[in-house]
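Quick notes on the structure that follows.
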Amino acid sequence: MKLLRALVWFLCPVLVRCEPVTLTVGALSVVGGAVYYELQCYFQQCCPQNGAINATALELDFDNNIFGQHLAKKVILKGVTGFLRNKQPKKPLTLSFHGWTGTGKNYISQVLARNIYPQGMESHFVHQFVATLHFPHANQVDKYKDQLQAWIKGNVSNCERSIFIFDEVDKMHPGLIDSIKPFLDYYEQLEGVSYRKSIFIFLSNAGGEIISKLALDFWKNGKKREDINLFEVERQLSLAAFNNKDSGFWHSSLIEKNLIDFFVPFLPLELKHVKMCVRAELRHRGYEVDEEIVTKVAKEMTYFPKDENVFSVRGCKVVSTKLEFYL
């Protein structure tokens with residue numbers, strides 16, 4: 001490693017800017033083996049040879065940036081770290097995130113990605129699809145199926161530890177998501193490609209009303225939301241997604257064949273959670289936390305139900321925009 005570091009620091013000034021470049025094998029033949037691989041990965045993104053992840057760093061990142069989501073943080077932390085430590089998983093890890101907009105589904109995906117790959121969402125091995133952008137036309141579903149299968153196969157062939165994020169699954173045309181069912185199943189290989197070390201994440205608003213009702217019932221009964229457990233809501237979420245005709249999971253074989261490992265509920269956010277989001281955004285921008293600003297921004301949000309005003313309609317989604325007014 002000392003030789004590797006020395007060689008890297010020697011080459012950087014020669015290259016003027018230490019940015020990704022193409023190096024020939026001949027130029028590095030003296031390095032050899034693992035050292036060559038590590039040096040190559042200094043200059044370009046490489047698919048990791050193992051699934052190492054710093055669980056402590058991931059948990060800290062969750063605690064500093066994800067608020068009011070004790071179930072999501074617990075399930076994702078244990079599920080992902082356990083999966084990545086398994087050298088021979090039987091199938092890909094498949095997670096389905098459910099909840100209203102602004103509750104953190106997209107954001108927690110970004111936090112997870114940056115803890116697995118330094119480049120985060122910009123990594124060559126993290127791939128995101130948005131239903132309304134990539135699959136807009138109902139009369140082209142068959143074409144989308146072929147494209148989706150080819151896209152996943154090509155990327156996993158390039159890196160078996162790829163991450164695939166499907167946003168707005170509730171807006172996806174029914175039947176489309178089933179085209180990737182073979183990749184999520186218990187196959188060692190399909191046409192010479194193994195998908196067992198990949199991660200698939202689905203984001204959906206479906207089931208949001210079920211989650212909100214459960215959270216509201218706990219609030220009305222004076223119970224702490226932290227006492228809500230996964231068992232109380234996971235079964236309801238899978239059924240809601242499966243039976244919703246307007247959902248991409250409608251009668252999906254992914255649910256029918258139990259290929260989704262975790263249905264993860266994202267609870268609606270209360271005023272105190274919105275305040276936490278404002279504080280985090282201030283720190284992120286390099287400002288000292290001003291509680292007067294925190295309170296003003298949080299109270300500008302719209303809350304529901306109408307009489308109780310308990311939960312933020314848009315979660316923390318517009319906190320950054322609201323904060324601009326005061327900064």
Can you find a side-chain donor-acceptor pair between [X] and [Y] that sits under 3.5 Å?
X	Y	answer
N106	D167	yes
N115	N54	no
S123	R114	no

Would you say the side-chain atoms of [X] pair up with the backbone N or O of [Y], donor to acceptor, closer than 3.5 Å?
X	Y	answer
E300	V297	no
S109	K105	yes
R283	E288	no
Q69	L267	yes
K275	T295	no
T103	W100	yes
Y144	H137	yes
D178	S253	yes
E168	T132	yes
H134	V130	yes

Taking the side chain as C-beta and beyond, is there a heavy-atom pair between [X] and [Y] under 4.5 Å?
X	Y	answer
P305	L216	yes
F263	E234	yes
F166	I180	yes
V126	Y117	yes
L214	I228	yes
E270	V310	yes
L58	T81	yes
I199	R161	no

How long is the gap from [atom1] on [X] to [atom2] on [Y], to the nearest 0.5 Å?
X	Y	atom1	atom2	value
I177	S96	CD1	OG	9.5 Å
C46	H124	SG	NE2	10.5 Å
T302	K306	OG1	NZ	12.5 Å
Q128	L133	CD	CG	9.5 Å
K197	K91	NZ	NZ	15.5 Å
K257	S252	NZ	OG	11.0 Å

Is it true that [X] and [Y] have a side-chain N and a carboxylate O under 4.0 angstrom from each other?
X	Y	result
E292	K296	yes
R285	E324	yes
D63	K73	yes
R279	E291	yes
D217	K223	no
E191	K153	yes

What heavy-atom pair brings [X] and [Y] nearest, and what distance separates the two atoms?
X	Y	result
L77	F62	N-CE1, 4.2 Å
F304	S212	CZ-OG, 4.0 Å
R196	F83	O-CZ, 3.3 Å
G68	L269	CA-CD2, 4.3 Å
P268	I211	CD-CG2, 4.1 Å
L71	P265	CD1-CG, 3.7 Å

If hydrophobic clusters are built by linking Ile, Leu, Val, Met, Phe, Trp and Tyr wherever their side-chain heavy atoms come under 4.5 Å apart, do [X] and [Y] end up in the same one?
X	Y	value
V233	L203	yes
F231	L237	no
L60	I53	no
L239	F202	no
I66	V289	no

(message) Let's go through Q119 and F125 carefully: what are the C-alpha distance in whole Å and the side-chain angles of both, what is the deciding distance for side-chain contact (heavy atoms from CB on, under 4.5 Å) to 0.1 Å, and is it a yes or a no?
(response) CA-CA 9 Å; Q119 300 83 5; F125 313 119; over 6 Å; no
Is it the case that over 12 heavy atoms from other parts of the model lie below 6.0 angstrom from the [atom1] atom of [X]?
X	atom1	value
K181	NZ	yes
Q140	CD	yes
K171	NZ	yes

(request) Apply the ring pair (Phe, Tyr, Trp, His ring centres under 6.0 Å) test between F266 and each candidate in Y107, F97, F311, F67; give the one that qualifies. (result) F97
(message) Please verify the inter-ring angle class for F129 with F135; under 30° counts as parallel, over 60° as perpendicular, anything in between as tilted.
(response) tilted
(request) Give me the ring orientation class for W151 and H127: parallel if the planes are under 30° apart, tilted from 30 to 60°, perpendicular past 60°. (result) perpendicular
(message) As a quick check of understanding, evaluate side-chain contact (heavy atoms from CB on, under 4.5 Å) for L95 and I260, giving each step before the final call.
(response) CA-CA 6 Å; L95 306 169; I260 296 179; over 6 Å; no
(message) Given the ring of Y186, does K90 sit roughly above its face, with NZ or CZ under 6.0 Å from the centre of the six-membered ring and within 45° of the axis?
(response) no
(message) Taking the six-membered ring for Trp, are F183 and F200 closer than 6.0 Å centroid to centroid?
(response) no
(request) Apply side-chain contact (heavy atoms from CB on, under 4.5 Å) to the pair V169 and F249, showing each step before the final yes or no. (result) CA-CA 7 Å; V169 174; F249 279 136; 3.7 Å; yes
(request) Quick one: do H251 and E256 satisfy side-chain contact (heavy atoms from CB on, under 4.5 Å)? Show the steps, please. (result) CA-CA 7 Å; H251 286 190; E256 187 178 19; over 6 Å; no
